[in-house]
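Start at 1 with the first residue, then count along the sequence. Every value quoted in this text rests on a predicted model; they were computed, and no experiment measured them.
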Amino acid sequence: MSAQYLSSDSSPLRFPLIRYGTIAAFSFPIVDAFLIAFAGFDYPLSKCQFQATFGFPAPSCGLSRSFVAFVSGDWVSALQYHLFGPVFFLMFCSIIVVSLTELRLKRSLMEFYAYLFDYRVTLSLFFLMLAYYGLRLYARYAVVATPWGIDQTALWQFLKVGADSL
């Protein structure tokens with residue numbers, strides 16, 4: 001975190017309960033991943049409740065398993081379960097660290113959130129995730145061969161393994 005986010009001209013921290021809620025909300029999936037990976041806990045429900053209800057996977061299907069694989073050090077499986085899993089894991093960790101820093105300094109670091117949730121970054125991430133979701137659905141449910149023999153490439157096989165594991 002650069003010094004500009006910790007400048008003394010930042011505003012005083014208002015509504016600290018929001019920071020505690022943020023820490024609780026963003027740490028839950030991380031703690032869950034560590035408990036499953038290292039303490040032997042297991043998922044209490046089926047793999048994806050959205051899929052069990054509607055019959056097809058949600059855009060976030062595989063994120064929990066990606067987090068577990070990521071904290072276990074299995075990077076390949078983490079990326080196969082969900083390409084954005086490590087990205088979201090690191091983003092969750094950074095939000096927790098910033099919230100804890102705000103509570104410690106009693107100062108708002110809104111500049112960090114403005115940078116992290118800049119509309120261009122957020123829209124880009126949204127459309128990339130939407131395109132990835134469409135590609136995963138196509139890889140999972142397409143019955144015809146892909147054009148130009150793409151289905152024979154290592155990248156497509158990597159994507160197909162992750163899509164089939166949902």
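Among residues two or more places apart in sequence or in another chain, the salt bridge (charged side-chain N to carboxylate O under 4.0 Å, His left out) test is passed with D151 by none. Partners of D74 according to the salt bridge (charged side-chain N to carboxylate O under 4.0 Å, His left out) rule, which considers only residues two or more places apart in sequence or in another chain, do not exist here. Residues satisfying the ring-ring contact (aromatic ring centres under 6.0 Å, His included) test with F50, not counting sequence neighbours, are F54, F56. In this structure R120 satisfies the side-chain hydrogen bond (donor to acceptor under 3.5 Å, both in side chains) test together with D118, sequence neighbours excluded. Every side-chain contact (heavy atoms from CB on, under 4.5 Å) that T122 has, sequence neighbours left out, goes to F117. Applying the salt bridge (charged side-chain N to carboxylate O under 4.0 Å, His left out) criterion to R19, with sequence neighbours excluded, gives E102. Contacts of A39 classified as side-chain contact (heavy atoms from CB on, under 4.5 Å), with partners at least two apart in sequence or in another chain: L35, F41. A139 pairs by the side-chain contact (heavy atoms from CB on, under 4.5 Å) definition with W156, L159, K160, A163, not counting sequence neighbours.
With a 4.5 Å cut-off between side-chain heavy atoms of Ile, Leu, Val, Met, Phe, Trp and Tyr, the cluster of L130 takes in Y119, L123, F126, F127.
The distance from atom OG of S11 to atom CE of M110, rounded to the nearest 0.5 Å, is 8.0 Å. Atom OG of S165 and atom CZ of R136 lie 7.0 Å apart (nearest 0.5 Å).
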Would you give me the side-chain donor-acceptor pairs under 3.5 Å for residues 20-30, sequence neighbours excluded?
from, atom 1, to, atom 2, distance (Å)
T22, OG1, I18, O, 2.8
S27, OG, I23, O, 2.6
S27, OG, A24, O, 3.4

Residues 78-95 side chain polar contacts: donor-acceptor under 3.5 Å, at least two apart:
from, atom 1, to, atom 2, distance (Å)
H82, ND1, F84, N, 3.1
H82, NE2, P59, O, 2.9
S94, OG, L90, O, 3.4
S94, OG, M91, O, 2.8

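Under the 4.5 Å side-chain heavy-atom criterion for Ile, Leu, Val, Met, Phe, Trp and Tyr, W75 and L155 are members of distinct hydrophobic clusters. By the criterion of side-chain heavy atoms lying less than 4.5 angstrom apart, applied directly or through intervening Ile, Leu, Val, Met, Phe, Trp or Tyr residues, Y138 is grouped together with F158 in one hydrophobic cluster. There is no path of hydrophobic side-chain contacts, each under 4.5 Å, that joins L137 to V161. Taken together through direct or relayed side-chain contacts under 4.5 Å among Ile, Leu, Val, Met, Phe, Trp and Tyr, Y141 and L135 form parts of separate hydrophobic clusters.
At distances below 3.5 Å, not a single donor-acceptor pair connects side-chain atoms of S99 with backbone N or O atoms of I96.
V68 is not listed as a side-chain neighbour of F34, based on a closest heavy-atom distance of 4.5 Å or more. Proximity of R140 to P57: side-chain heavy atoms (C-beta onward) are separated by under 4.5 Å at one or more points.
The side-chain hydrogen bond (donor to acceptor under 3.5 Å, both in side chains) analysis of residues 123-135, with sequence neighbours excluded, yields no pairs.
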